[in-house]
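Shown next, in structure tokens, is the structure this report addresses.
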Amino acid sequence: MFLSRSIRRQPEFRQGIRDMSPIALGIGAWGLMTGVAMLKSGMSVVEAVAMTLLVYAGSSQLASIPLLIAGAPAWVILATGFCVNLRFVVFSLHLRPYLMHMPRWRRMTHGYLTADMSYAMFTRRYTRPPETEAEKRAQEAYLTGNYCVTWGAWMGLSLLGIGLANMIPQSWGLGFAGVLSLVAIVCSMASTRLRVLAVVVAGVTAVAAYALPLKLNIVAGIGVAVLLCFWLERQFGLDPDAEDQK
């Protein structure tokens, strides 16, 4: 059993739940909007539920919906989803030393369940991979607690959105509410000058590169922000987690 009793007994598991709980509302709002959007676009309930459970990626789901409606070739839809979620390649490379001691099936499970915010919260708390067995158990427990909240909030509200889609009027503006929720989450994470700079650079780059196909402006924004902040860290010895830099 993946969520074993030994993990649940770890204090870090409960800490991970507590740390992620304030963000769950924003994640749930985004999931609710995505569930509504899938049904409003013409997908059937079965298709929407299947996409929610199998894809588990809001930006990829929303990018694929208009392509599915337009009857785009499968390779275009898959390529779009891949490009939109390229950031997870970076996440995986960063998390590799944290998880390589685990069996492959557990690494794959962690990979599926770890989302943007669970990755951000985990790497903010643990800046270095574990060295001892106790550290390995503690870090896995914290990560598990993180994504138990994100997965539950996303799936619960996405399925609720699918169930209520035909009862919710378009005038509610759930899409805008979802964007505002994500903005609030990002602002709460921008706790140092370097993080604020990363947010600004990523946003400006994404807007400037808006004309790129396949939502590549998002990838460009992430890439430029990561490379610039990495250079600043090396050049000036900045610590991205140091609060006194703000």
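Note that the structure is predicted; figures quoted are calculated from it, not measured.
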Checklist line | Donor-acceptor contact present, side-chain Thr150 to main-chain Tyr147, <3.5 Å | finding: yes
Next item on the list: Sequence neighbours left out, what passes side chain to side chain donor-acceptor pair (under 3.5 Å) with Asn217? Give chain and number order.
Entry: none
Checklist line | Salt-bridge contact Arg106-Glu140 (side-chain N to carboxylate O under 4.0 Å) | finding: yes
Margin query: Can you tell me how far apart CE (Met51) and CD1 (Ile162) are? Round to the nearest 0.5 Å.
Written below: 10.0 Å
Item checked: Glu233 side, atom CD; Gln235 side, atom CD - distance, nearest 0.5 Å -> 12.0 Å
Next item on the list: Locate the shortest heavy-atom distance separating Asp19 from Met121; write the atom from each residue and the value.
Entry: O-CE, 3.4 Å
Note to self: Let me check something: do Leu227 and Val89 share a hydrophobic cluster, defined by ILVMFWY side-chain heavy atoms less than 4.5 Å apart, either directly or through other members?
What the structure shows: no
Note to self: Can you confirm whether Val196 sits close enough to Arg193 that some side-chain heavy atom of one is under 4.5 Å from a side-chain heavy atom of the other?
What the structure shows: no
Notebook entry, point to check: Should Tyr210 and Leu62 be counted in the same cluster of Ile, Leu, Val, Met, Phe, Trp and Tyr side chains packed under 4.5 Å apart?
Noted result: no
Notebook entry, point to check: In Å and rounded to the nearest 0.5 Å, what is the OG to CD1 distance from Ser64 to Ile77?
Noted result: 6.5 Å
Check: Do the non-hydrogen side-chain atoms of Phe91 and Thr123 ever get within less than 4.5 Å of each other?
Finding: no
Next item on the list: Using a 4.5 Å cut-off on heavy atoms from C-beta on, say whether the side chain of Val76 contacts that of Leu67.
Entry: yes
Item checked: Exam field: side chain Glu47 to backbone Met43, donor-acceptor pair closer than 3.5 Å -> no
Residues 93-100 side chain polar contacts: donor-acceptor under 3.5 Å, at least two apart:
from  : atom 1 : to     : atom 2 : distance (Å)
His94 : ND1    : Tyr119 : OH     : 2.6
Tyr98 : OH     : Tyr126 : O      : 2.8
Tyr98 : OH     : Thr127 : O      : 3.3
Tyr98 : OH     : Arg128 : N      : 3.3

Check: Just by distance, do the side chain of Ser118 and the backbone of Ala115 share a donor-acceptor pair under 3.5 Å?
Finding: yes
Notebook entry, point to check: What's the spacing between Leu32 CG and Ile27 CD1 if we round to 0.5 Å?
Noted result: 14.0 Å
Item checked: Under the side chain to side chain donor-acceptor pair (under 3.5 Å) test, residues paired with Ser92 that sit two or more places apart -> none
Next item on the list: Name all residues meeting the side chain to side chain donor-acceptor pair (under 3.5 Å) criterion together with Tyr56; count only those two or more places apart in sequence or in a different chain, and write none if there are none.
Entry: none
Next item on the list: Quick one: pull up CE in Met117 and CH2 in Trp30 and give me the separation to the nearest 0.5 Å.
Entry: 14.0 Å
Check: Is any side-chain heavy atom of Leu143 less than 4.5 Å from a side-chain heavy atom of Glu12?
Finding: no
Item checked: pair Met38-Thr52: side-chain heavy atoms closer than 4.5 Å -> yes
Check: In chain order, what residues pass the side chain to side chain donor-acceptor pair (under 3.5 Å) check against His101, with sequence neighbours excluded?
Finding: none
Check: In terms of heavy-atom contacts, does CE of Met102 have more than 12 from other residues, nucleotides or ligands at under 6.0 Å?
Finding: yes
Note to self: Side-chain heavy atoms under 4.5 Å apart, restricted to Ile/Leu/Val/Met/Phe/Trp/Tyr: what other residues fall into the cluster of Ile222, or is it alone?
What the structure shows: Ile218, Val226
Notebook entry, point to check: Does atom OH of Tyr112 have more than 12 heavy-atom neighbours, drawn from other residues, nucleotides or ligands, at distances under 6.0 Å?
Noted result: yes
Note to self: With a 4.5 Å cut-off on side-chain heavy atoms, are Cys148 and Phe13 touching?
What the structure shows: yes
Checklist line | Residue pair Ala63 / Val84: nearest heavy atoms and the distance that separates them | finding: CB-CG2, 3.9 Å
